[in-house]
Amino acid sequence: MNNIVWTIASSDSSAGAGIQADLHTIKALGADGCSVISAVTAQNSVAVDLVESVSDKMLIAQLDALASDMPAKIIKIGLIASIEHVKIIAEKLADYKANWDVAPFVIYDPVAVASTGDEMSEDGINEIIKTQLLPVVDLLTPNAKEVFTLSGHMLISGESLKGATEKLIEMGCKSVLIKGGHLPFLEDQCIDYYYDGEREIALTSPRLENVHSHGTGCTLASAIAATMAQNYFIEDALVIAKAYLNQGLKASKQLGKGEGSIAHLGWPNNNRDFPEVVLPESKVGYELDLQGTLEAGPGFVSCDTLKLGLYPVLDTVEWLEKVLKSGVKTLQLRIKDKQPEQVEQQIIDAIALGKKYDARMFINDYWQLAIKHQAYGVHLGQEDMDVADLGLIADAGLRLGLSTHGYYEILRAKQLKPSYIALGHIFETQTKDMPSDPQGLERLGKYAALLSDTPTVAIGGINLQRAPEVYKTGVGSIAVVTAITLADDYQSVIDEFNQIIK
Ligand SMILES: Cc1ncc(COP(=O)(O)OP(=O)(O)O)c(N)n1
Ligand SMILES: Cc1ncsc1CCOP(=O)(O)O
Ligand SMILES: [Mg+2]
């Protein structure tokens, strides 16, 4: 599989930033890095003494050598010190995007000024960056100062972030992540704000004190690149990159007399390093003027166990009764695409059966009917979460299960304190058209580790053969449809699942 990330940037002799930080990050996060060096800088922890661009011929030769043999999935650009280099790179990127079998995704971290305060690029370069480079950039990752340099927008309040990103998108880049290292509001928080013209994402972590931060910008952009190269969606890459940064900042160290550099550890797995997804109805959400109604609230009634066991998801009351008679204790009525009046009787019957067998009966989608008839719980998907009245579900004392498909959705769901979080789809499934690729066991294990204090349910393409390795990842429950409905002998299948999920 091609996980190649190119970094087109400059060498930092102190190795805390630039090409050196990029390659450390790309390797630590499991992607394959290649480098194109635009300039060599002589710097240490207190000053940048000299910046010298390589010849145009050398820049082009590096780009051509890689393009002919090791094309990139993701290209990350950092410090470019010469106007001519910006022009060459912009032209090459346009060519790659037009002619490669798969167009590379381009991330540009506009290194305007070194953390030591020294200017590092040729005068007049910003005009060429604005007119020639930004139009081929998919994700721009400026800090507040770089936002001002490129757009003229001062980030004076949370509300000003959206306007600045809109301006940058008008200038040609497809999306913007404003890095919150130096924002002059909510100063105890480090907020990263993403906007692509449609979707806003804000991630926040407490600001870390007494850490060494040289190389954080390069590292964040490279971490996004490395994660996206492994087919994570951008929202998940933003989460991993911020967690990688927090983890590295906590272990940062000083080597010289001045500012030390971020450390490069492996894939982040510690809950404490992960950011919070900012919900619209929260202090930070109000400050940023985020659209939407999600708020954390007090959370949902617990299922009283982290291990919900085998969880059949079924579309008739007859099936529910059959599996209840076989001893199943967690199950769901999932009827798709019917009017509420067409399903109300089945929902009433399902709820009554759940009570009769003292089982956890969840109702999929039809949350108003679930409240009306006092179900044990409701299961909602990502789209439903934004439109359902979660407050009403909580007030009515129903449990809530939420579907998720990656890091970002998991963190967002976690904030709502649901009764369980479903993780899917793990394998190919014939039961439902899924818009994304299966997660696989490796990711499932990472998600389960992050959710050790929340009940988890794995779903999608799980059968008896796969169940042992699924359960080994640490999930508390396995949800299945066809493993039961297409079984020759569903009762013995249930017994065998129960042997595996103990
Ligand atoms: C246990 C469990 N997990 C996931 C789903 C999928 O729910 P959703 O995303 O709402 O999709 P539909 O099932 O409504 O198609 C589920 N039902 N149960
Ligand atoms: C409802 C649903 N949500 C994600 S995968 C899935 C279907 C799971 O069915 P199966 O167990 O037959 O793959
Ligand atoms: Mg649903």
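Numbers here simply count residues along the sequence, with the first being 1. Not measured: the values here are computed from a predicted model. Each ligand, and each atom within it, is numbered from 1 in the order the structure gives.
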### Task
For ligand 1, indicate whether the residue K336 contacts it via side chain, backbone, both or neither (heavy-atom separation under 4.0 Å).
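Under 4.0 Å from ligand 1, K336 contributes side-chain atoms alone.
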### Message
For Y311, which part has a heavy atom under 4.0 Å from ligand 1: side chain, backbone, both, or neither?
### Response
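Under 4.0 Å from ligand 1, Y311 contributes side-chain atoms alone.
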Answer with yes or no whether the side chains of [Y] and [X] bring together a donor and an acceptor at under 3.5 Å.
| X | Y | answer |
| --- | --- | --- |
| Q439 | Y447 | yes |
| Q345 | D349 | yes |
| Y193 | E200 | yes |
| Q189 | T204 | yes |
| R272 | Q247 | no |
| R399 | S419 | no |

### Check: S205 and K242 side chains under 4.5 Å, non-hydrogen atoms
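K242 reaches S205 side chain to side chain.
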### Query
Does K76 make a cation-pi contact with W6 (under 6.0 Å, within 45 degrees of the axis)?
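Not satisfied by the 6.0 Å and 45° rule.
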### Task
Establish, for the pair R466 and Y471, whether the NZ or CZ atom is under 6.0 angstrom from the six-membered ring centre and no further than 45 degrees off its axis.
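Geometry flag: not set, cation outside 6.0 Å or 45°.
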### Message
Using a 6.0 Å cut-off, check whether atom CD of Q430 has over 12 heavy atoms from anything other than its own residue.
### Response
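Counting neighbours around CD of Q430, 12 or fewer heavy atoms of other residues, nucleotides or ligands fall under 6.0 Å, so no.
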### Message
Are there over 12 heavy-atom neighbours, none belonging to M434, within less than 6.0 Å of that residue's CE?
### Response
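Check passes, neighbour count above 12.
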### Task
Look at the rings of H264 and Y244 and say which category their plane angle falls in: under 30° parallel, 30 to 60° tilted, over 60° perpendicular.
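H264 vs Y244 ring planes: tilted.
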### Task
Can you figure out which of I459, D433, T485 has its heavy atom closest to atom 6 (C) of ligand 2?
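Shortest heavy-atom distance from atom 6 (C) of ligand 2: I459.
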#### Entry: Nearest candidate to atom 8 (C) of ligand 2, where distance is taken over non-hydrogen atoms, out of I462, L486, T429
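Shortest heavy-atom distance from atom 8 (C) of ligand 2: T429.
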Check this for me - ligand 1, [X], N or O atoms closer than 3.5 angstrom, yes or no?
| X | result |
| --- | --- |
| H405 | no |
| Y420 | no |
| Q382 | no |

If the cut-off is 4.0 Å to any non-hydrogen atom of [X], which atoms of ligand 1 fall inside it?
| X | answer |
| --- | --- |
| G381 | 8 (P), 9 (O), 10 (O) |
| R334 | 12 (P), 13 (O), 15 (O), 17 (N) |
| D384 | 10 (O) |
| I459 | 2 (C), 3 (N), 4 (C), 18 (N) |

### Message
Counting only heavy atoms closer than 4.0 Å, does ligand 2 sit against the backbone of Q430, its side chain, both, or neither?
### Response
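Contact part for Q430 vs ligand 2: neither.
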### Message
R334 versus ligand 2: do any nitrogen or oxygen atoms come within less than 3.5 Å of each other?
### Response
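Min N/O separation from ligand 2 is not below 3.5 Å for R334.
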### Message
Considering both backbone and side-chain atoms of H425, is one of its nitrogen or oxygen atoms within less than 3.5 Å of a nitrogen or oxygen in ligand 2?
### Response
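Between H425 and ligand 2, no N or O pair is found under 3.5 Å apart.
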### Message
Working to the nearest 0.5 angstrom, can you tell me the gap between I500 CD1 and N498 CG?
### Response
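Answer for the CD1-CG pair, I500 versus N498, is 9.0 Å.
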### Query
G461 near ligand 2, heavy-atom distance under 4.0 Å?
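Contact check G461 vs ligand 2: positive.
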### Query
Below 4.0 Å from any atom of ligand 2, is there a heavy atom belonging to V313?
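Judged by the 4.0 Å heavy-atom criterion, V313 does not count as contacting ligand 2.
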#### Entry: ring pair (Phe, Tyr, Trp, His ring centres under 6.0 Å) partners for H379, two or more places apart
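Scan of H379 (ring pair (Phe, Tyr, Trp, His ring centres under 6.0 Å), adjacent residues dropped) gives Y420.
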### Set of residues satisfying ring pair (Phe, Tyr, Trp, His ring centres under 6.0 Å) with respect to F274, sequence neighbours excluded
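F274: ring pair (Phe, Tyr, Trp, His ring centres under 6.0 Å) contacts with Y407.
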### Query
Between D196 (side chain) and S175 (backbone), is there a donor-acceptor pair under 3.5 Å?
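No, because the side chain of D196 does not come within donor-acceptor range (under 3.5 Å) of the backbone of S175.
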### Message
Within less than 2.8 Å, report the number of protein N/O/S atoms around the Mg ion (ligand 3).
### Response
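For the Mg ion (ligand 3), the figure is 1.
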Considering only non-hydrogen protein atoms, determine which one is nearest to [atom] and report residue, atom name and distance to 0.1 Å.
| atom | answer |
| --- | --- |
| atom 2 (C) of ligand 1 | H379 CE1, 3.4 Å |
| atom 11 (O) of ligand 1 | K432 NZ, 2.6 Å |
| atom 11 (O) of ligand 2 | V481 N, 3.0 Å |
| atom 8 (P) of ligand 1 | S403 OG, 3.4 Å |
| atom 10 (P) of ligand 2 | T431 OG1, 3.4 Å |
| atom 17 (N) of ligand 1 | Q332 OE1, 2.9 Å |

### Query
Under 4.0 Å from any heavy atom of V480, which atoms of ligand 2 are there?
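Close to V480: 11 (O).
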Quick one: side chains of residues 284-295, donor-acceptor pairs under 3.5 Å with protein atoms, not counting sequence neighbours, listed by atom name and distance.
| residue | atom | partner | partner atom | Å |
| --- | --- | --- | --- | --- |
| Y286 | OH | E281 | OE1 | 2.9 |
| E287 | OE2 | G158 | N | 3.0 |
| Q291 | NE2 | D289 | O | 3.1 |

